[in-house]
There are 2 protein chains.
Amino acid sequence: MSLAHVLLTSLLEKPSTGFELARRFDRSMGFFWNATHQQIYRELNGMLKKGWISTLEEQAANSRKKTYQVEQLGRIQLATWIEQQSEPAQLRDDLMVRLRAEAQLGGNNILPELERHLVLHKEKLGLYQAIHDKDFKNNEPTNRVLFIHKMILELGIIKENEWIKWLEQMIPQLKKFEEANGTGE
Amino acid sequence: MSLAHVLLTSLLEKPSTGFELARRFDRSMGFFWNATHQQIYRELNGMLKKGWISTLEEQAANSRKKTYQVEQLGRIQLATWIEQQSEPAQLRDDLMVRLRAEAQLGGNNILPELERHLVLHKEKLGLYQAIHDKDFKNNEPTNRVLFIHKMILELGIIKENEWIKWLEQMIPQLKKFEEANGTGE
DNA sequence: GTGAACATGTAAACAGTTACATGATTCT
DNA sequence: AGAATCATGTAACTGTTTACATGTTCAC
């Protein structure tokens with residue numbers, strides 16, 4: 001159950017509404033965890049009941065908007081959770097399943113999807129690099145928090161780069177097999 | 001719902017029992033998809049009901065063992081599914097959540113977990129490389145199916161390598177922050 | 001004032017994990 | 001005969017996704 005802890009971390013950085021949290025997931029946070037707004041609201045309600053977080057009082061009474069902040073209980077929970085071990089995330093990659101299925105079944109129809117993914121990975125890389133340029137430019141952070149954020153971002157960049165390299169090797173080689181097999185299938 | 005299609009692909013390669021499928025997941029298949037035996041049995045029963053797969057008749061009547069094979073309906077399902085688009089798999093990485101939480105909360109307690117993960121990734125890399133050496137040695141496969149299997153395996157190797165490189169950069173730098181902060185606390 | 005973006009929620013369906021239980025086969 | 005491994009299953013729970021519904025705020 002990491003979602004609660006992602007949210008706690010995010011709220012520690014800045015008290016926020018559920019909506020803001022969801023949006024932040026689409027940015028920096030999103031490349032190692034993501035969640036839909038429904039999941040987030042449910043989790044926030046749960047944590048509110050357990051007393052891990054609370055809503056800010058100052059809110060206008062006529063608004064539905066609720067800004068959450070972390071309570072002491074939430075901090076303790078997060079600190080306890082950090083100590084726990086977890087196994088490396090296991091891949092669950094639809095594209096690899098499709099690729100292997102297509103290999104078995106034939107049809108030579110996987111190329112457009114590979115090319116589409118190449119574009120998507122390039123876009124994501126561009127986004128990450130833009131954040132990197134903006135936040136870390138050329139100076140090495142002396143602050144431990146910033147250093148960790150930078151390293152996490154760089155891991156994201158590395159992963160996108162590797163995907164791109166792999167796809168750029170895969171696509172032309174599959175095309176060769178297609179040619180070798182003749183034009184008509 | 002990819003699990004069904006992973007199983008279909010696996011069964012196309014070779015008719016198998018649920019147990020055999022589960023075991024195969026721990027090997028080559030497992031590095032881009034994995035499932036517990038309970039998931040597999042449930043899915044197999046579901047596909048059996050839908051007529052995508054069937055059991056071999058030849059089985060001894062007094063055994064509980066059931067060997068499944070793909071039916072025409074299953075092939076059609078798989079072929080249809082391959083055509084569909086899917087978004088790149090999104091990461092869900094506990095370790096990154098912990099790292100970012102620890103950055104925010106302090107405590108300098110994440111290093112042992114990073115070192116543990118480094119060992120795990122090295123072990124996994126060793127396993128993949130052993131499979132690679134065994135199956136593909138030094139000769140480039142001319143067969144399209146084998147070529148795809150090789151490329152998928154190499155993607156796994158690349159990913160483990162990148163993790164190792166990243167962790168080997170991260171760990172000493174975090175140790176520096178620890179030292180800079182003094183021995184106590 | 002109306003449309004876009006902000007903001008929150010319920011309900012149902014689907015997928016994945018954990019705990020528990022049991023039978024069959026093979027090896028010693 | 002007993003242990004290890006092979007093999008399958010039920011039940012309960014937890015987590016995730018999708019569809020649907022609705023109210024609020026801000027800019028034009």
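Lettering follows sequence order; numbering is per chain, from 1.
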| said: Quick check: on DNA chain D, is the nucleotide nearest G18(B) upstream (toward 5') of the one nearest S2(A), or the reverse? Name the residue that is more 5'. | reply: G18(B)

| field | Candidates dG9(D), dG9(C), dT17(C) - which lies nearest the side chain of Q90(A) | value | dT17(C)

| Protein-nucleotide distance (M47(B), atom CE; dA15(C), atom P), rounded to Å | 12 Å

| Given dG9(D), dT17(C), dA7(C), the nucleotide with the shortest approach to the side chain of R42(B) | dT17(C)

| d(CD, E43(B); P, dT17(C)) in whole Å | 13 Å

| query | Does the H117(A) side chain pair with the main chain of S86(B), one donor and one acceptor, at a distance under 3.5 Å? | reply | yes

| remark: Regarding the side chain of Q38(A), the nearest nucleotide among dG9(D), dT8(D), dT18(D) is dT18(D)

| task | Specify the residue among H37(A) and L3(A) whose closest nucleotide of DNA chain D lies further upstream toward the 5′ end. | result | L3(A)

| Is the distance between the ring centroids of Y128(B) and H132(B) under 6.0 Å? | no

| query | If you check the E20(A) side chain, which of dT16(D), dG9(C), dA7(C) turns out closest? | reply | dA7(C)

| remark: Rounded to whole Å, NZ of K66(B) lies from P of dA24(C) at a distance of 13 Å

| field | Rounded interatomic separation in angstrom, taking CZ from R92(B) and C1' from dT14(D) | value | 13 Å

| Residue W33(A), side-chain heavy atoms: nucleotide from dT16(D), dG16(C), dT10(C) that is nearest | dT16(D)

| message | Measuring to OP1 and OP2 of dT8(C), would you say a side-chain N or O of Y41(A) lies under 4.0 angstrom away? | response | yes

| field | Whether over 12 other heavy atoms sit under 6.0 Å from K165(B) NZ | value | no

| How many Å lie between CG on N34(B) and P on dT18(C), as a whole number? | 11 Å

| message | Distance check needed: dT16(D) P versus E87(B) CD, whole Å only. | response | 19 Å

| When you measure from the side chain of F19(B), which nucleotide among dG16(C), dA7(D), dG9(D) comes out closest? | dA7(D)

| query | Are K65(B) and dG23(C) close enough that a side-chain N or O sits under 4.0 Å from OP1 or OP2? | reply | no

| task | Whole angstrom is fine here: how far is it from CD1 in I40(B) over to P in dT17(C)? | result | 11 Å

| CZ of R42(B) to OG1 of T36(B): how many Å apart, nearest 0.5 Å? | 8.0 Å

| field | Residue-phosphate contact under 4.0 Å: Q39(A) side-chain N/O, dT17(D) OP1/OP2 | value | yes

| task | Find the distance L48(A):CG to dT8(C):P and express it as a whole number of Å. | result | 12 Å

| Does atom CZ of R75(B) have more than 12 heavy-atom neighbours, drawn from other residues, nucleotides or ligands, at distances under 6.0 Å? | no

